Amino acid sequence: MPELPEVEIVKQSLAKKIQQKKIKKVIIKNRNLRFKIPLKFEKILQNKIIKKVTRFSKYLILNFSDGSFCLIHLGMSGTIHLIKKNNFNEFTNTSFYNFPNLPKKHNHIEIQFQDLKVVYNDPRRFGFFKFVKNKQELTDRFRHLGPEPFFKNFDLKYLLQYFINKKKDIKSFLLDQKFVSGIGNIYASEILFLSKIIPTRHAMKLSTDECKKIIFFSKSVLTKAIKKGGSSIRNFRNTSGQNGNFQKEFKVYQRENLNCPSVKCRGKIKKIYISNRSTFFCNTCQK
DNA sequence: AAGAGGCCCTGATAGC
DNA sequence: TGCTATCAGGGCCTCT
């Protein structure tokens with residue numbers, strides 16, 4: 001699920017529901033996420049008030065009123081579910097991002113509030129929760145990450161400078177969070193298609209004009225995806241909840257062997273692997 | 001330093 | 001039906 005747009009959608013829906021609320025209780029059913037959750041985690045979070053829910057790159061951040069934070073990363077398969085309490089004071093289904101119903105398995109973490117609870121589900125357990133003491137520690141934790149595509153410093157000068165003597169392919173750079181943070185495997189292919197650049201091109205060989213296109217389309221694709229509510233793909237279809245619609249707009253991702261969507265192009269969409277990640281492009285109009 | 005590749009984990013799907 | 005192999009939206013780590 002989660003590249004920057006999907007995390008942003010989760011952030012927005014979560015913020016509406018839990019900001020200004022006090023955590024009553026935290027229950028950990030499985031500590032073995034990407035990083036093992038320490039035993040003291042539940043106690044630390046208990047009674048904290050969530051001042052704000054924010055996001056940086058693909059990270060969700062619970063900002064507590066005492067200046068500490070909880071960092072949440074959804075990994076490959078993490079989803080967040082909001083469960084409301086009914087009139088009888090029982091937790092009932094449902095709502096949320098891309099599951100209308102709470103899955104039966106892999107609900108690892110519960111954060112309970114007075115009137116609702118937040119459930120973290122993650123079959124592959126590549127995601128994590130991490131308590132962060134203060135702003136300084138948060139800054140340190142993000143130090144290795146490059147700018148988001150939306151940031152002002154993700155500009156032409158930055159790209160040209162960064163790509164000097166870089167032989168690695170441009171697709172890998174779009175996935176490299178040290179270079180730019182927030183883009184994942186779906187949007188990387190989409191951005192390069194719109195920029196008319198073949199994903200295997202060495203970064204150092206990109207022209208000024210091509211770098212401008214990468215900057216422009218990185219912003220526009222992510223912005224559009226957020227407006228559409230993110231992308232819900234594979235089995236994450238839902239009937240009643242708020243699911244994303246951007247998957248309908250994919251130009252190349254998961255469209256192997258289909259015709260190129262460009263008006264004048266008669267090319268076909270190809271699938272290759274770059275660093276073990278599927279990569280889609282038009283074999284004709286991307287150069 | 002840069003770049004390639006392996007690995008963490010479960011589940012869905014394809015092919016035999 | 002049941003087996004096996006492959007692939008999945010991420011990112012960290014190690015090796016050369």
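Note on naming: letters A, B, ... go to the chains in the order of the sequence lines (proteins, then strands), and numbering restarts at 1 for each one. Just so it is clear, the values below take in all heavy atoms, side chains as well, and ignore hydrogens, waters and symmetry mates. This one's a predicted model, so the numbers in the text were calculated from it and none came from an experiment.
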TODO: For DNA chain B, produce a single dot-bracket line, 5' to 3'. Pairs: Watson-Crick or G-U wobble, both distances under 3.5 Å. Symbols: ( ) within strand, [ ] crossing, | other strand, . unpaired.
DONE: .|||||||.|||||||
Look at the side-chain N and O atoms of [X] and state whether any lies under 4.0 Å from the OP1 or OP2 oxygen of [N].
{"X": "A:Lys271", "N": "C:dA8", "result": "yes"}
{"X": "A:Tyr253", "N": "C:dG9", "result": "yes"}
{"X": "A:His106", "N": "B:dT10", "result": "no"}
{"X": "A:Arg125", "N": "B:dT10", "result": "yes"}
{"X": "A:Ser57", "N": "C:dG10", "result": "no"}
{"X": "A:Lys178", "N": "C:dG11", "result": "no"}
{"X": "A:Lys166", "N": "B:dA2", "result": "yes"}
{"X": "A:Tyr162", "N": "B:dA2", "result": "no"}
{"X": "A:Lys58", "N": "C:dG10", "result": "yes"}

For [X] and [N], what is the distance between atoms [atom1] and [atom2] respectively, to the nearest whole Å?
{"X": "A:Phe129", "N": "C:dG11", "atom1": "CZ", "atom2": "C1'", "result": "17 Å"}
{"X": "A:Asn276", "N": "B:dG3", "atom1": "CG", "atom2": "C1'", "result": "14 Å"}
{"X": "A:Lys36", "N": "B:dC8", "atom1": "NZ", "atom2": "P", "result": "16 Å"}
{"X": "A:Arg277", "N": "B:dG5", "atom1": "CZ", "atom2": "P", "result": "15 Å"}
{"X": "A:Glu6", "N": "C:dA8", "atom1": "CD", "atom2": "C1'", "result": "14 Å"}
{"X": "A:Phe280", "N": "C:dG9", "atom1": "CZ", "atom2": "P", "result": "8 Å"}
{"X": "A:Lys171", "N": "C:dG9", "atom1": "NZ", "atom2": "C1'", "result": "11 Å"}
{"X": "A:Asn32", "N": "B:dC9", "atom1": "CG", "atom2": "P", "result": "9 Å"}

Open item on the list: Is it the case that the side chains of A:Glu8 and A:Gln12 hold a donor-acceptor pair, with the cut-off being a distance below 3.5 Å and no angle test?
Closed with: yes
Task: A:Gln286 (side chain) donor-acceptor with A:Leu192 (main chain) under 3.5 angstrom - done: yes
TODO: Answer yes or no: is there a donor N or O on one side and an acceptor on the other, between the side chain of A:Gln177 and the main chain of A:Leu175, under 3.5 Å?
DONE: yes
TODO: With DNA chain B as reference, determine whether A:Lys105 or A:Arg34 sits nearer its 5' end, using the nearest nucleotide of each.
DONE: A:Arg34
Base, sugar-phosphate, or nothing for [X], non-hydrogen atoms under 4.0 angstrom?
{"X": "A:Phe246", "value": "nothing"}
{"X": "A:Ser172", "value": "nothing"}
{"X": "A:Tyr273", "value": "sugar-phosphate"}

Open item on the list: One thing to verify: whether A:Lys178 and A:Asp176 come together as a salt bridge, which I'm taking to mean a side-chain N less than 4.0 angstrom from a carboxylate O.
Closed with: yes
Ring geometry between [Y] and [X] (parallel below 30°, tilted from 30 to 60°, perpendicular above 60°):
{"X": "A:Phe173", "Y": "A:Phe163", "value": "tilted"}
{"X": "A:Tyr253", "Y": "A:Phe250", "value": "perpendicular"}
{"X": "A:His73", "Y": "A:Tyr59", "value": "perpendicular"}

Open item on the list: Working note: A:Lys171 + A:Asn185, criterion side-chain hydrogen bond (donor to acceptor under 3.5 Å, both in side chains); need CA distance, chi angles, decisive distance, verdict.
Closed with: CA-CA 9 Å; A:Lys171 161 76 177 345; A:Asn185 203 41; 2.8 Å; yes
- [ ] Please indicate yes or no: is the ring centre of A:Phe126 less than 5.5 Å from the centre of the six-membered base ring of B:dC9, with the two planes inclined by under 30 degrees?
- [x] no
Task: C1'-based separation of C:dG9 from B:dG3 [nearest Å] - done: 23 Å
TODO: Would you mind telling me which of B:dC9, B:dG3, C:dG11 lies closest to the side-chain atoms of A:Phe173?
DONE: B:dG3
Open item on the list: Check whether A:Phe246 forms a cation-pi arrangement with A:Lys248 (NZ or CZ under 6.0 Å from the six-membered ring centre, at most 45° off the ring normal).
Closed with: no
